[in-house]
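Every chain is numbered from 1 and lettered A, B, ... according to where its sequence line falls, protein lines coming before strand lines.
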Amino acid sequence: QVTLKESGPGILQPSQTLSLTCSFSGFSLSTYGMCVGWIRQSSGKGLEWLANIWWNDDKYYNPSLKNRLTISKDTSNNQAFLKITNMDTADTATYYCARTRITTVVTDWFAYWGQGTLVTVSS
Amino acid sequence: DIQMTQSPSLLSASVGDRVTINCKASQNINKYLNWYQQKLGEAPKLLIYNTNNLQTGIPSRFSGSGSGTDYTLTISSLQPEDFGTYFCFQHNSWLTFGSGTKLEIK
């Protein structure tokens with residue numbers, strides 16, 4: 001059974017760096033074809049893809065946010081991480097992690113999601 | 001960037017109705033189009049991948065169609081548990097979600 005769970009600070013101040021953790025089970029990020037991505041959802045902008053990290057450590061970032069994002073993983077502990085620098089009130093959102101898997105037949109983009117963690121940026 | 005435009009943004013329907021939700025891409029996305037359902041307070045759930053493939057466990061009343069820039073999600077006979085918000089998602093070039101269609105009880 002695949003499960004994912006996000007954790008974060010809940011609230012932070014403008015200009016601070018957001019650090020998020022995705023703890024997962026039921027798969028390994030060292031297995032061929034696996035990927036964990038981050039997506040956020042705010043009332044103003046809907047769903048927005050942020051970044052992906054693949055089993056081979058390939059990383060992809062949303063071009064509009066690339067300069068602020070860093071994605072990484074700890075395969076031994078089944079975790080993925082996302083850092084976002086210079087947070088602003090506009091970054092207030094629920095942040096999700098989700099799993100993707102490539103097979104020879106299909107890529108099941110974001111077939112499994114965590115419950116999300118709300119991050120509020122406020123002074 | 002590929003922009004995804006959904007219509008309508010709000011849809012009122014009754015149990016048993018046939019419902020269609022549309023998604024238009026700003027350029028050809030080669031059928032790399034998924035549909036997700038989200039209920040209040042929950043994460044999105046994958047319904048359909050690559051335009052017309054039903055995800056495991058999803059009822060057959062859901063179907064998808066389309067090509068090029070225009071795609072449709074159809075629910076053949078609306079059930080009470082189908083109310084929520086639906087998002088399209090393209091994975092042809094980078095990754096972009098549509099703005100969502102809220103399906104509510106009429």
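- Taking the ring centre of A/Y96 as origin, the terminal cationic atom of A/R40 falls outside the region bounded by 6.0 Å and 45° from the ring axis.
- Counted within 6.0 Å of CG on B/D1, heavy atoms from surrounding residues, nucleotides or ligands total 12 or fewer; the atom is thus considered open.
- A donor atom on one side chain and an acceptor atom on the other are found under 3.5 Å apart for B/Q38 and A/Q41.
- Between A/S28 and A/M34, the shortest heavy-atom distance links the atoms O-CG, 3.3 Å.
- The backbone N or O of A/Q79 lies less than 3.5 Å from no partner atom in the side chain of A/N77, so there is not a single donor-acceptor pair.
- Residues from residues 102-123 of chain A that place a non-hydrogen atom less than 4.5 Å from a non-hydrogen atom of chain B comprise A/V106, A/W109, A/F110, A/A111, A/W113, A/G114, given in numerical order.
- A/S19 and A/K83 share a side-chain donor-acceptor pair at under 3.5 Å.
- Interface residue A/N52: only side-chain heavy atoms are found under 4.5 Å from chain B.
- In plain terms, the two heavy atoms of A/M87 and A/L12 that are nearest each other are CG-CD1, 4.0 Å.
- Of the atoms belonging to B/Q55, it is side-chain heavy atoms, and not backbone ones, that fall under 4.5 Å from chain A.
- Contacts from residues 92-106 of chain B to chain A, taken as heavy-atom pairs separated by less than 4.5 Å, involve B/W94, B/L95, B/F97 in sequence order.
- Side-chain atoms of B/N22 never come within 3.5 Å of backbone atoms of B/T72 as a donor-acceptor pair (strictly under, hydrogens ignored).
- Neither the backbone nor the side chain of B/Y32 comes within less than 4.5 Å of any heavy atom of chain A.
- Checked by atom type and distance alone, the side chain of B/N34 pairs as donor or acceptor with a backbone atom of B/N50 at under 3.5 Å.
- Counting only residues at least two apart or on different chains, no ring pair (Phe, Tyr, Trp, His ring centres under 6.0 Å) pair has a member in residues 41-86 of chain B.
- Of the residues considered (B/P44, B/A43, B/G41), B/P44 shows the highest number of contacts with chain A, using heavy-atom pairs under 4.5 Å.
- Every residue two or more places apart in sequence or in another chain that forms a salt bridge (charged side-chain N to carboxylate O under 4.0 Å, His left out) with B/K24 is listed here: B/D70.
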